Number of protein chains: 2
Amino acid sequence: MLRISKITDYGTLVLVHLARCDDGRLCPASDVSAGTHIALPTVQKVLKILTRGGLVESARGAGGGYRLVRAPEQISAAEILDTLEGPVALTECSHTDSHCKLEPNCQVGGAWQKISQAIRAAMNDITLADLRTPPNEFPLRYTILHASGHATRQSK
Amino acid sequence: MLRISKITDYGTLVLVHLARCDDGRLCPASDVSAGTHIALPTVQKVLKILTRGGLVESARGAGGGYRLVRAPEQISAAEILDTLEGPVALTECSHTDSHCKLEPNCQVGGAWQKISQAIRAAMNDITLADLRTPPNEFPLRYTILHASGHATRQSK
DNA sequence: CCTAAATAGGACAATTTTAGTCCAATATGC
DNA sequence: GCATATTGGACTAAAATTGTCCTATTTAGG
Ligand code: FES
Ligand code: FES
């Protein structure tokens, strides 16, 4: 189904919340939980991952909490994906270390990698700020240039 | 990790093999297994899915086998993905029927859907014929037009 | 007919992944 | 000291995936 894990889904909501509370103040996990209606333990887990991934910074102790490490406009969807579920790799063969035993006979591995890169490129251009905006008119157009040189435009 | 299932990976190899043997002749599962070095039971499973999905047609009995239902140029990666792992839906909320309880408070659901569509559009323009070609120079360029109208081009 | 070659359909257990919660340790402010 | 918070990891239950196998059905050919 080519789906993302719930952790990533939650993570996005959490990041959006932090972007909202973003007057530079620290926001404790309990706040995030209340604001997103996600159970506190889950929020804590997500925030830990985001902190380790370097997307948010934390302060411990009383008065502590979390805060975006950068402006929402400078956090890409690709980074979020990478942090929350590791680098995009559609097939196992795409991994540099994992060696598929079919590789000698395989003709498609390279193509999947290209598709991965296309997806990655798509997410590179979408920032947390884009996600934060109300999802009404979200201008997104997609173009692939074929070898022939003619471009097909898809939008819907 | 945003990965596809192994079934889909196998399915692609199987389709490529069928595209190779494509002199219109029927190709039994045992042949596909030998050609792809994938275990026979797995190949059988994959071919059953592809047949039900309408990507290949089958003939039973002695002399039977499988055959692409269309030319490789007219089978898109999106179709393959849809058939083998169901429609692309990054988040559960993207599903029309599944109703996320966070929906009233959620600000990002729409954006994920847009990203899904971008991915879908990417795979719409890639055909089985593209996958079949040796993965050397696979011309793919990706462009998103922002609201501002300026286009960023990504290629690597 | 009879047999061998094939697909159709689904059941099945084993493995792996995911989800969500909880606990003990540590750090901070008052 | 004490309440507030993060840190790190352990842990279990549930869900998804994987790969194989079994039985029924269909077809070609002698
Ligand atoms: S290299 Fe593993 S399937 Fe192609
Ligand atoms: S609608 Fe479910 S998380 Fe947005």
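These figures come from a predicted structure and were not determined experimentally. In what follows, chains carry the letters A, B, and so on, assigned in the order in which the sequence lines appear, proteins first and then strands, with residues in each chain numbered from 1.
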With sequence neighbours excluded, give me every salt bridge (charged side-chain N to carboxylate O under 4.0 Å, His left out) pair touching residues 55-65 of chain B.
->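 Of all non-adjacent pairs touching residues 55-65 of chain B, those that pass salt bridge (charged side-chain N to carboxylate O under 4.0 Å, His left out) are Glu57(B)-Arg67(B).
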Between the protein and nucleotides 21-24 of chain C, list every N/O to N/O distance that falls short of 3.5 Å.
unit_1	atom_1	unit_2	atom_2	d
dT21(C)	OP2	Thr42(A)	OG1	3.0

[N] [atom2] sits how many Å from [X] [atom1], rounded?
X: Leu47(A); N: dG8(D); atom1: CG; atom2: P; result: 13 Å
X: Glu57(A); N: dT7(D); atom1: CD; atom2: P; result: 11 Å
X: Asp9(B); N: dT17(D); atom1: CG; atom2: P; result: 14 Å
X: Lys6(A); N: dA14(D); atom1: NZ; atom2: C1'; result: 11 Å
X: Leu84(A); N: dT18(C); atom1: CG; atom2: P; result: 13 Å
X: Ile49(B); N: dG9(C); atom1: CD1; atom2: C1'; result: 12 Å
X: Arg67(B); N: dT7(C); atom1: CZ; atom2: C1'; result: 14 Å

Partner residues of Ala34(A) under the side chain to side chain contact (heavy atoms under 4.5 Å, CB included) criterion, sequence neighbours left out =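 Testing Ala34(A) for side chain to side chain contact (heavy atoms under 4.5 Å, CB included), a comparison that skips the adjacent residues, returns none.
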Close side-chain approach of Val56(A) to Leu50(A), heavy-atom, < 4.5 Å | yes
Please determine if a side-chain N or O atom of Tyr10(B) lies less than 4.0 Å away from the OP1 or OP2 oxygen of dG19(D).
-> yes
Return the set of residues passing side chain to side chain donor-acceptor pair (under 3.5 Å) with Thr8(B) (not counting sequence neighbours), or none when no residue passes.
-> Ser5(B), Glu85(B)
How long is the gap from CD1 on Ile126(B) to CG on Asn124(B), to the nearest 0.5 Å?
-> 9.5 Å
Any chance you could measure Asp9(A), atom CG, to Ile38(A), atom CD1, to the nearest 0.5 Å?
->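 Going from CG on Asp9(A) over to CD1 on Ile38(A), the span is 8.0 Å.
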Compile the donor-acceptor pairs under 3.5 Å between side chains in residues 39-46 of chain B and protein atoms, sequence neighbours left out, one pair per line.
none

Would you check if the side chain of Thr51(A) reaches a backbone N or O of Leu47(A) as a donor-acceptor pair within less than 3.5 Å?
->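 Yes: the side chain of Thr51(A) pairs with the backbone of Leu47(A).
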Any donor and acceptor pair, going by atom type alone, linking the side chain of Thr83(B) with main-chain N or O of Glu79(B) inside 3.5 Å?
->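 Flag set: sc Thr83(B) to bb Glu79(B) pair under 3.5 Å.
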Output the single nucleotide from dA8(C), dT6(D), dA19(C) whose closest atom is nearest the side chain of Ser58(B).
->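 The closest nucleotide is dA8(C).
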Do any N or O atoms of the protein come closer than 3.5 Å to N or O atoms of nucleotides 25-29 of chain D, and which pairs are they?
unit_1	atom_1	unit_2	atom_2	d
dT25(D)	O2	Arg60(B)	NH2	2.8
dT26(D)	O2	Gly61(B)	N	3.3
dT27(D)	O2	Ala62(B)	N	3.0

For DNA chain C, stems built from three or more consecutive Watson-Crick or G-U wobble pairs below 3.5 Å | C:1-30 with D:1-30
